[in-house]
Amino acid sequence: MIHIKSSAQIDQMKQAGTLSKEALRLAGSMAKPGVTTKEIDAAVESFIRLHGATPTFKGYGGFPGSICSSINEQIVHGIPSPNVVLSDGDIISVDTGATFGGWVGDNAWTFYVGNPTDAVKGLCEVTRDCLKAGIEQAVPGNHLGDVGNAIQTLAEDNGYGVVRGYVGHGVGKAMHEDPNVPNYGKKGRGVKLQAGMVIAIEPMITLGDYDCHTLSNGWTVVTDDGLQAAHYENTVAITDDGPIILTQDEESPWCPMQGGE
Ligand code: MG
């Protein structure tokens, strides 16, 4: 069942989204060689709690972290650890969620650690463009297939893989609501979008094939071919005035962090 939000509720969700975005920005500022993913996790958890919110991921299905931190060939759901030390040339995809006033904000960004290869930077740039292209399709009267098709077309035109096994989702009082929001699809197909829907659009794009599997820790999803993956996510409200990014910093036009760093 898809929960339609009123404009007042969307305003409330914006508060959760803003906190989630600020937490993500904090994580990005820490993504430097020598830092552990546990240090980033601890800082983000403190930040979220300091602002009267709850880290949405902590304990979700038993997940141990407040962030997901996924390095290089890890696509999503990496577990923060004191044993994972960032190195120059890595990319780290950080996913943060904050629950505030009963509402969830969910977003993710892939950050450069030092200086990744041009090939990896290209993957990240195109994945950011995929997110933007998907958001632009999130308007009343369009279908979810329009969102997914825009993402898939751009990624595949650049020779990248589009992860099939993990998708975006509705967001509200729960982190994962209906509908599922695939990063692939056919124009005009799938759920018809209407004002008041709030969805997390989150392309997961790979440098090689999109096949993936979960590590023995039960969480971390990695590419089968060991090549890098990028992941960018915003929580987006569909309104008659166009898509509103609820996880957006005010000073940026559509995305908070244009660069990878
Ligand atoms: Mg999500």
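All ligand and atom numbering here is 1-based and tracks the order in the structure.
At least one N/O/S atom of His169, whether from backbone or side chain, sits less than 2.8 Å from the Mg ion (ligand 1). Not one N/O/S atom of Asp95, from backbone or side chain, sits under 2.8 Å from the Mg ion (ligand 1).
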Trace of the salt bridge (charged side-chain N to carboxylate O under 4.0 Å, His left out) decision for Asp129 with Lys132: CA-CA 5 Å; Asp129 288 343; Lys132 184 177 182 183; over 6 Å; no
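With hydrogens and angles left out, the side-chain atoms of Tyr60 and His176 include a donor and acceptor closer than 3.5 Å.
For Asp106, the N, O or S atom closest to the Mg ion (ligand 1) goes by the atom name OD2.
For the pair OE2 of Glu202 and OE2 of Glu233, the angle whose vertex sits at the Mg ion (ligand 1) is 90° to 10 degrees.
With hydrophobic clusters built from ILVMFWY side chains whose heavy atoms lie under 4.5 angstrom apart, Val198 does not share a cluster with Leu144.
Taking both residues in full, the closest heavy atoms of Ala200 and Val181 are given as O-CB, 4.0 Å, listed atom of the first, atom of the second, then distance.
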